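Beneath this line is the structure, given in structure tokens, with notes to follow.
First listed ligand is number 1; within each ligand, the first listed atom is number 1. Values below: every heavy atom of this structure, side chains too, minus hydrogens, waters and symmetry copies. Predicted model only: the values in this text are computed from it and were never measured.
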Amino acid sequence: MSALAALISYLELMMDTPMHGQFHLRRHDLSQFMKLDASAVKALNLMPQPELGGNKNMSLYGLLNHCKTSQGQRLLGRWLKQPLVNRHAIQRRQDMVEMFVNDSVRRRTLQDEYLKRMPDFHRICKRFHRGGAGLEDLVRVYQAVAVLPKIIDSLDDLAKEEGMHGQVLEEDFIVPLREKATQLEQYSALIEESIDLEELEHNHHYHLQPTLDPELQQFRDSLLATRDGLDEEHRRVGRKLGLDIEKKLHLENNQVYNYSFRVTKAEANAIRQNPWCIELAVQKAGTIFTTEKLKELSAEYLRLQEEYEKKQKYLIKEVVGVASSYAPLLEELDGTIAALDVLVSFAHVSANAPIPYVKPTVAEKGGSDVIVRGARHPCLEVQDDINFIANDHEMRRGNSEFAILTGPNMGGKSTYIRQLGVIALLAQLGCFVPADSAKLPIFDCVLARVGAGDSQLKGVSTFMAEMLETATILRSATRDSLIIIDELGRGTSTYDGFGLAWAISEHIAKNIRAFCLFATHFHELTAMANQMEWVKNLQVRAEVQPAPAGKSISDRQITLLYQVIEGHSDQSFGIHVAELARFPDAVVKLAKRKADELEDFGTEDDAAKMPKLDEGEVEQGTQIVKEFLAEWKGQSADGSEDEQRAALKALVEQWQDRFDGNAWVKSVLSGL
Ligand SMILES: *[C@@H]1O[C@H](CO)[C@@H](O)[C@H](O)[C@H]1NC(C)=O
Ligand SMILES: *[C@@H]1O[C@H](CO)[C@@H](O)[C@H](O)[C@H]1NC(C)=O
Ligand SMILES: *[C@@H]1O[C@H](CO)[C@@H](O)[C@H](O)[C@H]1NC(C)=O
């Protein structure tokens, strides 16, 4: 309740009197959608990030947004953050996209001729509610309603050609659109009856039909009569002064003097000689004058016009009021048009990508392995200066569900792990995916922990942010989740960081058993693959070529192949990269020496901690442990886990003195 109160206050809904009574509270069923944490939204580049520059292809939203309507664009934004988890619903969208991928002619007609002409019904409805709508809004809706039959015909033909697949089209689009078109027939009649569409077409003025109201008609007739009077006076004065009314004597509606005559300087003398001409002003454009009759007519015309406008304003309010009653219908139409727009846009993007996307096979939750061949990152492959290398993803339950990815920096690790997240998301949106073929289960959530979480602005240190994001993952991931982790444990000491990275991966791999892609610079982590058969090591390939004969070491080349293969690279490429960056030789050499020292340091340290013991002590100690284990084995293995634990504890207490008597046993126990 307090969250809702905060929202109402933030949106200032209580101050918005016209909107009172227009809102409904509805339960939003989150279980219908894939969960995405904030970090995943960022890692998968869902929404445009202004700091990444203006290229719209850099975000999924920008890439997928070929919508022709505002409502379509809004819906796309919503869909992106709420991918589906219901297989049936996903397949319905896929079927629609497939039809429009196959039929490019109809797709283009829909986009460029029909959808483009759909106004933002939602916006117009908002103006209806606030009383701010005008004739222009009514006409825009009217024109859109006139396009509906064309859309329906086009979809209908397509549905007939498609047979089976066409059923979705029929149920989700043709039927609702037809229903709306029928219900809006009366609306169209209302507009034709009320608005002077001819005047609109010829003069671009929005006027009511004078026939709408007798009084309005009367004003209109009087206005026309006065207009005739003005013309008559124009001709009369022209005759009297002997001036051509087309070329020399102009009747104008002057900003200051209202209806008045104007003659050029050459004719000004004629005016002065005729006292019935009342000179008003001498301007650059000529001399302005009037007559008693014209003065009268002008005043009358302006008075009538004012009356007419007043009357019309009142009537417009009434007409708009009647039209407003169609708002709920228009809101529904808005939703249908938006969905059509987004699906057509998906098809457009799928068909127009550098390599066309494919329809992924989506299996029920947990019902499939992840097999994606020739996967590409949709945002990167369209960048002009990148020659994108496709890679496979193969994550099989019980065999390779947890992938540890190592390899040089800049080698494409981040891209590789993110692209699977993007593909999973696209698949659950109902869109096609950038790959040669794809088979995926439905994921209940995509969770990510990537890059430096730049939350310093919020007063959270990078490392704390990293730990918070990771905590979210550990709390919310399930067996059906996809977890993407890019570099964990960088913000602390190496040992500390490695310890965390290991513990977190082991927890995910052992207890959660989610599909997980873990990119890391800790090569030691690859040892986990020996402990659990479903942990697999992957590496991005890089090759170091020897320096050409006679050249210095800094001429050695690293080639990044951007190719992901099985296995782990135990080479560290950091120093090679430093070489490439033309570090002074002395610095590179020192770096290597220090790195070697550090590698030895850990093992020496452990050995130093072991007390020096003579062999007799070790032998005796081994004997004690053997006997202890034998006795424990002899005890019955009944009872719950807790009971057994208690029994073991009691036994250890009995043996404590003997343990303490032997230095070797003591040191072993303290190391546990
Ligand atoms: C689209 O075209 C492909 C290849 O021609 C065909 O296999 C598929 O059935 C078509 N899909 C639909 C929905 O028409
Ligand atoms: C022109 O019309 C306006 C408004 O109808 C009126 O206020 C103004 O006095 C008129 N100007 C002259 C010069 O009559
Ligand atoms: C975005 O990608 C499309 C192809 O999908 C391409 O035609 C367009 O030029 C790209 N735009 C930019 C700014 O790179």
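Between the side chains of Ser298 and Asn258, not a single donor N or O lies within less than 3.5 Å of an accepting N or O. In this model, a donor atom of one side chain and an acceptor atom of the other lie less than 3.5 Å apart for Glu331 and His122.
At a distance under 4.0 Å, a protein heavy atom can be found next to atom 11 (N) of ligand 2. In this structure, atom 2 (O) of ligand 2 has protein heavy atoms in its sub-4.0 angstrom surroundings.
Ring centroid separation for the pair Tyr259 and Tyr301 comes in under the 6.0 Å cut-off.
Between Glu98 and ligand 1, a contact under 3.5 Å exists for at least one N or O pair.
If you number the atoms of ligand 2 from 1 as listed, the ones under 4.0 Å from a heavy atom of Asn258 come out as 1 (C), 2 (O), 3 (C), 8 (C), 10 (C), 11 (N), 12 (C), 14 (O). The distance from ligand 2 to the heavy atoms of Val256 drops below 4.0 Å at these ligand atoms: 11 (N), 12 (C), 13 (C).
Between Phe261 and Phe289, the angle of the ring planes lies from 30° to 60°, which puts this pair in the tilted group.
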* To do: Would you check, one step at a time, whether the test ring-ring contact (aromatic ring centres under 6.0 Å, His included) holds for Phe33 with His28?
  => CA-CA 10 Å; Phe33 306 111; His28 187 71; 5.4 Å; yes
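Nearest-residue assignment for atom 6 (C) of ligand 1 (options Val168, Val101, Asn102; heavy-atom criterion): Asn102.
Summary of contacts: the protein heavy atom closest to atom 5 (O) of ligand 2 is Leu302 CD1, 3.7 Å. When only non-hydrogen protein atoms are considered, atom 14 (O) of ligand 1 lies nearest to Glu162 OE1, 2.6 Å.
Cation-pi check for Arg93 over Trp79 is met; the charged atom lies under 6.0 angstrom from the ring centroid and within 45 degrees of its normal.
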